[in-house]
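Below is one structure; the comments refer to it alone.
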2 protein chains.
Amino acid sequence: MTRRGRVDETLLLDNQLCFLVYRLHRGITDLYRPVLAELGLTYPQYLVMLVLWESDPLTVGQVGGRLHLDSGTLSPLLKRLETAGLIARTRAASDERSVEVSLTAQGRALREQAATVPAAVGGCLSATADEYRQTRELFSDLLARVDAASR
Amino acid sequence: MTRRGRVDETLLLDNQLCFLVYRLHRGITDLYRPVLAELGLTYPQYLVMLVLWESDPLTVGQVGGRLHLDSGTLSPLLKRLETAGLIARTRAASDERSVEVSLTAQGRALREQAATVPAAVGGCLSATADEYRQTRELFSDLLARVDAASR
DNA sequence: CATGATTAGATTGTGTCCAATGTAAACTCA
DNA sequence: TGAGTTTACATTGGACACAATCTAATCATG
């Protein structure tokens, strides 16, 4: 394809989709950081709270399944959320291996404050709700392909 | 929009574009990891090499400008690339504050091996080159918007 | 020219992310 | 039932990413 000694344009940074995703990820977290800082959360911690606001309680494994994170990441993260008073962790009675993660009153209350977060950030990403949905579909398809490839 | 006590669907994980980008970023690095491991590189290290294969030498600041990374990230990363024998770091004669990063013969040689990397990974992302370009455009626009928003 | 401000990198500390390993509980099935 | 396997989570260690601070060199301005 490329001749010897010439620039291989597939190796050019700007041509790489993956670099755009990498930059996009960091750019978006830059948008979230100041907003979430007011809630005392990091972005991954916010994701865990989103999951628990949808369904509570959940085991550590269930939270991990939702976010595709393992205990190596979740254990210390959940410990910090517990220290912050937002969640409680208790060994499940039915299976002493599992740990149930549940929201505290403070953790539930934080949801009210968080209600404004998506609008504050999402507005930067798309002009219209339709465009937002459309982009989301494309990303979703792409993610499915990536997940399938790593199988 | 949402009534009190009802689920706020903007807080649903699956509705959030940012979560897709977050997952996409990690999914794509999962694809790169085994391929780059054969070159002895992590993904961020690979990015630095891409930048240097395009233009060599560069100061630490120039590399950082290209990747949007600061010295807090780059200093230890470049130290590891130096230990691996891929780059050299020398104080610039013209300005003793700057450090010039240059490829070693080994670092230049690695490029041949890396030539197959984009195809190995990019194939998972899009079926056709046209689709790839189209997706890239969309990401590029979105990134521009995000960068503009964080100003 | 001397002093204060700015700049380039390095360092330190915190929080992910992931691989590898450890530990205790639960399961399997001979 | 009981020994071996599997499962759930915790821990450790390496590598980013980012904020904050530090140091040394350069610049700006009087």
Side-chain angles (χ1 to χ4, degrees), chain A residues 18-19 21-34 36-37 39-49 57-84 87 89-101 150, chain B residues 19 22-34 36-37 40-49 57-65 67-84 87 89-101 150:
Chain A
C18 58
F19 179 61
V21 174
Y22 167 78
R23 285 267 291 112
L24 202 47
H25 162 62
R26 294 199 294 128
I28 290 178
T29 5
D30 285 346
L31 295 182
Y32 271 98
R33 195 170 297 109
L36 293 179
L39 311 185
L41 295 175
T42 65
Y43 182 64
Q45 289 167 9
Y46 171 66
L47 291 180
V48 169
M49 296 305 289
L58 290 174
T59 65
V60 171
Q62 286 170 327
V63 174
R66 203 85 173 76
L67 301 177
H68 288 74
L69 291 172
D70 63 12
S71 68
T73 301
L74 284 177
S75 282
L77 190 157
L78 293 172
K79 205 177 292 181
R80 281 186 278 272
L81 288 180
E82 189 178 36
T83 303
I87 65 165
R89 292 188 301 160
T90 53
R91 286 276 157 193
S94 61
D95 184 341
E96 288 280 335
R97 290 172 305 179
S98 304
V99 169
E100 290 216 324
V101 183
S150 60
Chain B
F19 179 61
Y22 167 79
R23 286 267 290 112
L24 206 46
H25 163 62
R26 294 198 296 126
I28 290 177
T29 21
D30 285 346
L31 294 182
Y32 271 98
R33 196 171 296 110
L36 293 179
L41 295 175
T42 64
Y43 182 66
Q45 288 168 9
Y46 170 66
L47 291 179
V48 169
M49 295 306 288
L58 290 174
T59 66
V60 171
Q62 286 170 326
V63 174
L67 302 177
H68 288 74
L69 291 171
D70 64 12
S71 67
T73 301
L74 283 177
S75 282
L77 190 155
L78 293 171
K79 205 177 292 182
R80 282 186 280 272
L81 287 180
E82 189 177 36
T83 303
I87 65 165
R89 293 188 302 161
T90 52
R91 286 277 158 193
S94 60
D95 184 342
E96 289 280 333
R97 291 171 304 179
S98 306
V99 169
E100 291 216 324
V101 182
S150 61

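Both backbone and side-chain heavy atoms feed into the values below; hydrogens, waters and symmetry mates do not. In what follows, chains are A, B, ... by sequence order, proteins preceding strands, each numbered from 1.
For Y43(A), no side-chain nitrogen or oxygen approaches OP1 or OP2 of dA17(D) to under 4.0 Å. Residue K79(B) places at least one side-chain N or O closer than 4.0 Å to OP1 or OP2 of dT11(C). For dA17(D), the OP1/OP2 oxygens have a side-chain nitrogen or oxygen of Y22(A) closer than 4.0 Å. Side-chain N/O atoms of R89(B) include none lying less than 4.0 angstrom from OP1 or OP2 on dG9(C). Using a 4.0 Å cut-off, some side-chain N or O of R26(B) falls inside it from OP1 or OP2 of dC18(C). Side-chain nitrogen and oxygen atoms of Q45(B) include at least one within less than 4.0 Å of the OP1 or OP2 phosphate oxygen of dC16(D).
Taking 4.0 Å as the cut-off between side-chain N and carboxylate O, E96(B) and R91(B) do not count as a salt-bridged pair.
Contact annotation for G72(A): base contact, defined as any heavy-atom pair under 4.0 Å involving a base atom. Within 4.0 Å of L77(A), counting heavy atoms only, lie sugar-phosphate atoms of the nucleic acid but no base atom. Among the heavy atoms of the strands, none lies under 4.0 Å from T29(B). Within 4.0 Å (heavy atoms only), T73(A) reaches at least one base atom of the nucleic acid. Counting any heavy atom pair closer than 4.0 Å across all strands shown, T42(A) reaches sugar-phosphate atoms only and no base atom. S98(A) comes within 4.0 angstrom of the backbone, heavy atoms only, and of no base.
As a whole-Å value, the separation of L41(B) CG from dG14(D) P is 19 Å. For the pair L69(A) CG and dA19(C) P, the computed distance is 12 Å after rounding to whole Å. Rounded to a whole Å, the CZ atom of R80(A) is 11 Å from the P atom of dT14(C). The interatomic distance linking L74(B) (CG) with dT7(C) (P) rounds to 19 Å, in whole Å. Rounded to a whole Å, the OH atom of Y32(A) is 16 Å from the P atom of dT16(C). Distance CG (L24(B)) to C1' (dC17(C)): 17 Å, rounded to an integer number of Å. If you take CG of D70(B) and C1' of dA10(C), they are 11 Å apart, rounded to a whole angstrom. Rounded to an integer number of Å, the gap from CD of E96(B) to C1' of dA8(C) is 12 Å.
Mapping Q62(A) and R33(A) onto DNA chain D by nearest heavy atom places Q62(A) closer to the 5' end of the strand. Two residues, H25(A) and R97(A), neighbour DNA chain C, and the one matched to the more 5' nucleotide by heavy-atom proximity is H25(A). Taking for each of S94(B) and D95(A) the nucleotide of DNA chain D with the nearest heavy atom, the 5'-most of the two is the partner of D95(A).
Here the straight-line distance linking atom CG of L41(B) with atom CG of L36(B) works out to 6.0 Å at 0.5 Å rounding. To the nearest 0.5 Å, atoms OG (S71(B)) and CG (L77(B)) are separated by 12.0 Å.
Listed nucleotides dC18(C), dT16(C), dC18(D) differ in distance to D30(A); the shortest reach to its side chain belongs to dC18(D).
Applying the 3.5 Å distance criterion, the base of dA8(D) shares no donor-acceptor pair with the side chain of S71(A).
Using cut-offs of 30° and 60° on the angle between ring planes, the pair Y22(B) and Y43(A) is perpendicular.
In terms of the side-chain hydrogen bond (donor to acceptor under 3.5 Å, both in side chains) criterion, residue partners of R23(B) (sequence neighbours excluded) are, by chain and number, H68(A), D147(A).
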Applying side chain to side chain contact (heavy atoms under 4.5 Å, CB included) to V48(B) and L74(B), what does each step give before you reach the verdict? CA-CA 9 Å; V48(B) 169; L74(B) 283 177; 4.1 Å; yes
